[in-house]
**Q** 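So that we are looking at the same thing, I have put the structure below in structure tokens.
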Amino acid sequence: MNIPSSEQALMQSAQNLAGLTLGEIAQQAGIAIPKDLSRNKGWIGLLFEHVLGASAGSRPEPDFPHLGIELKSLPINEQAKPLETTFVSVAPLTGLVGVTWHNCYVRKKLARVLWVPVITRKDVPLSERLVATPFLWSPNAEEEALLAQDWQELTDMIVLGEVENIHGKHGQVMQLRPKAANSKVKTQAFDRNGKPFMTLPRGFYLKINFTQALLHRYLRIN
DNA sequence: GATTGATCATAC
DNA sequence: GTATGATCAATC
């Protein structure tokens, strides 16, 4: 697939995915379908990136750098309720001096997101799952305020050396959870005395209630 | 059943 | 290890 030249071109090809199954999309793209996602958790996201012409690679940039748009797949059920939290980014545990909500990575990453919902049920094979209507989202004032509030709370705790006391329950719409290959992975952080120590890498995740609200706002459903 | 903590693949 | 893409699965 070619790189989309404009937002309109991207949205057009995204809309064209609606109503197709993952099997149809993969077949058209000539991509093999895994039996399940257990050892291919990012497969749907990579499939959409390929089909929509996102710049490949693991660079820390939006999927469509020239458009400033991030692409995210979103598993939902038939009632359009998200089934999983949405990973946003790895949380920096050091170098936070001078970082504010306005210049932080989470805000940049969520500025413009193309959501591609996939109707998911455990008993429906991957290849038969349907793509729902994709939509381009930017946070409204209310959503940004909620995100900013949670980001500030979590970042404050990190800065104060309390990262190991942060649990998934923190945050109303965004939470901090492990983001690593396994629980033995370590990255550097600072404790409450300012001394460096090694801890589990964490990531910011959007909670289900937040992504569900987006769906309601954009698809006018439920 | 929802939520939190753990985990899988791949590139560099 | 860090960054990309997320879902799995044990526990509450």
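Convention: sequence-line order gives letters A, B, ...; per-chain numbering from 1.
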**Q** Polar atom pairs between nucleotides 3-6 of chain B and protein, under 3.5 Å, N or O only, would you list them?
**A**
{"from": "B:dT4", "atom 1": "OP1", "to": "A:Gly168", "atom 2": "O", "distance (Å)": "3.4"}
{"from": "B:dT4", "atom 1": "OP1", "to": "A:Lys169", "atom 2": "N", "distance (Å)": "3.2"}
{"from": "B:dT4", "atom 1": "OP2", "to": "A:Gln175", "atom 2": "NE2", "distance (Å)": "3.0"}
{"from": "B:dG5", "atom 1": "OP1", "to": "A:His167", "atom 2": "ND1", "distance (Å)": "2.8"}
{"from": "B:dG5", "atom 1": "OP2", "to": "A:Gly168", "atom 2": "N", "distance (Å)": "2.7"}
{"from": "B:dG5", "atom 1": "N7", "to": "A:Arg177", "atom 2": "NE", "distance (Å)": "2.8"}
{"from": "B:dG5", "atom 1": "O6", "to": "A:Arg177", "atom 2": "NH2", "distance (Å)": "2.9"}

**Q** Hey, is A:Arg112 close enough to A:Glu70 for a salt bridge, meaning N to O under 4.0 Å?
**A**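 Judged by the 4.0 Å cut-off on N to carboxylate O distance, A:Arg112 and A:Glu70 do not form a salt bridge.
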**Q** With distance as the sole test, does A:Asn193 use its side chain to make a donor-acceptor pair with the main-chain N or O of A:Lys195 at under 3.5 Å?
**A**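 A pair under 3.5 Å: no.
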**Q** How many whole angstroms separate atom NZ of A:Lys72 from atom P of C:dT7?
**A**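 So the NZ-P distance, A:Lys72 to C:dT7, works out to 10 Å.
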**Q** Establish, from distance only, whether the side-chain atoms of A:Glu61 and A:Ser55 form a donor-acceptor pair under 3.5 Å.
**A**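 Note: A:Glu61 and A:Ser55 side chains miss the donor-acceptor criterion.
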**Q** According to a strict under-4.0 Å criterion, is A:Thr187 in side-chain N/O contact with OP1 or OP2 of C:dT2?
**A**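 Looking at the OP1 and OP2 atoms of C:dT2, one of them is under 4.0 Å from a side-chain N or O of A:Thr187.
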**Q** Identify, residue by residue, the members of residues 101-114 of chain A with a heavy atom below 4.0 Å from DNA chain C, and return them in order of residue number, or none.
**A**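 Nucleic-acid contacts, sorted: A:Tyr105, A:Lys109.
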**Q** In terms of the nearest nucleotide of DNA chain C, which residue is placed more toward the 5' end: A:Pro60 or A:Thr86?
**A**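 Final value for this comparison: A:Pro60.
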**Q** Could you label the plane-to-plane angle of the A:Trp137 and A:Phe210 rings as parallel, tilted or perpendicular, counting under 30° as parallel and over 60° as perpendicular?
**A**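 Aromatic pair A:Trp137/A:Phe210 classed perpendicular.
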**Q** Does the ring of A:Phe87 carry A:Lys179 above it, NZ/CZ under 6.0 angstrom from centre and within 45° of its axis?
**A**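 The answer is yes, since A:Lys179 meets both limits relative to A:Phe87.
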**Q** Hey, what bend do you get for the helix from B:dG1-C:dC12 to B:dC12-C:dG1 if you fit axes on five pairs at each end, rounded to 10°?
**A**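 Both end axes considered, the difference amounts to 30°.
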**Q** Could you tell me whether A:Glu70 contacts a base, only the sugar-phosphate backbone, or nothing, with contacts defined as non-hydrogen atoms closer than 4.0 Å?
**A**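 Counting heavy atoms under 4.0 Å across all strands, the contact made by A:Glu70 is with sugar-phosphate only.
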**Q** Tell me whether the rings of A:His167 and A:His170 are parallel (<30°), tilted (30 to 60°) or perpendicular (>60°).
**A**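 Ring orientation, 0 to 90° scale: parallel.
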